[in-house]
K.L.:
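Structure below; questions to follow.
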Amino acid sequence: MLTITDLETFYGPSQALFGVNLHVETGEMVALMGRNGMGKTTTIRSLFGLTPARRGRIEFEGRDLRRLPAFRIAQRGLGLVPEGRRCFPNLSVRENLVVTARPGPWDQGRVEALFPRLGQRRHQMADTLSGGEQQMLAIGRALMTNPRLLVLDEATEGLAPVIRREIWSALRRLKAEGQSTLIVDKSLGELLPVADRCTILEKGRTVWTGTPAALDAHLRDRYLGV
Ligand code: ATP
């Protein structure tokens with residue numbers, strides 16, 4: 001479904017990615033891992049054309065995404081839950097969901113079934129939600145675009161345990177329903193049991209790809225610092 005090959009990305013003159021390789025098959029959940037500053041967010045920004053890559057290939061469903069503007073990439077079927085849960089603060093929960101809607105199986109009712117809190121707070125302004133509820137809304141907004149590939153950047157960071165459990169349970173459900181997903185998350189305890197494969201970045205390069213079962217203590221210690 002998605003194949004990223006030898007991706008190189010710069011912020012002005014400073015190079016952040018030196019050769020990222022990444023692959024997601026249809027129906028897979030792939031974890032993009034690595035310590036802080038290793039290039040996970042930059043890889044996602046490059047995938048979505050927000051910080052365009054200078055070299056390399058991004059192929060999604062057999063087509064090259066690399067020179068497309070960000071809005072075209074979303075139209076091709078990629079949905080982003082960005083770091084920092086951006087929602088429209090002055091719109092209601094319902095309005096936040098419907099503004100991103102694109103045709104497909106996901107609609108407001110299905111998002112509310114996945115996250116019942118969003119149904120209970122349908123008419124509340126987004127800025128009155130807790131941080132965790134805003135994160136649910138950010139995921140709901142991405143699902144409303146009916147993405148064939150869902151991409152989550154640190155979707156559970158800094159949230160209360162009860163909310164984190166609800167979000168992980170939703171992510172497991174999405175995976176069981178066959179949603180293809182690329183995910184960055186520091187909660188290895190929740191991430192590894194549900195991920196099909198892991199790709200590790202170190203200093204802007206892919207240094208390891210394998211199954212969670214193959215991610216042994218040596219690799220964790222060397223690349224993840226845990
Ligand atoms: P984190 O988990 O801390 O978000 P990350 O793995 O997502 O880390 P990136 O945010 O992609 O890492 O950062 C990769 C490199 O690019 C780092 O060296 C970082 O300092 C640099 N970088 C990130 N954003 C910018 C920017 N806006 N301008 C210049 N350099 C940047």
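Atoms within a ligand are numbered from 1 in the order they appear, just like the ligands themselves. Worth saying up front: this structure is predicted, and the values here are computed from it rather than measured. Because only heavy atoms are used, hydrogens play no part in the values below, and waters and symmetry mates are left out as well, while side chains stay in.
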K.L.:
List, one per line, each side-chain donor-acceptor pair under 3.5 Å for residues 167-176, sequence neighbours excluded.
P.N.:
residue, atom, partner, partner atom, Å
Lys175, NZ, Asp196, OD1, 3.0
Lys175, NZ, Asp196, OD2, 2.6

K.L.:
Please check if any side-chain donor atom of Glu83 sits under 3.5 Å from a side-chain acceptor atom of Thr41, or the reverse.
P.N.:
yes
K.L.:
Name all residues meeting the salt bridge (Lys or Arg N to Asp or Glu O under 4.0 Å) criterion together with Arg165; count only those two or more places apart in sequence or in a different chain, and write none if there are none.
P.N.:
none
K.L.:
Under a 4.0 Å heavy-atom cut-off, which residues neighbour ligand 1?
P.N.:
Tyr11, Ala16, Arg35, Asn36, Gly37, Met38, Gly39, Lys40, Thr41, Thr42, Glu83, Glu154, Lys186
K.L.:
If you link ILVMFWY side chains whenever their heavy atoms are less than 4.5 Å apart, which other residues fall into the same cluster as Phe88? By chain and number, please.
P.N.:
Leu91, Val99
K.L.:
With a 4.0 Å cut-off, would you call Arg117 and Glu133 a salt bridge?
P.N.:
yes
K.L.:
Should Glu190 and Arg164 count as an ion pair when the cut-off is N to O under 4.0 Å?
P.N.:
yes
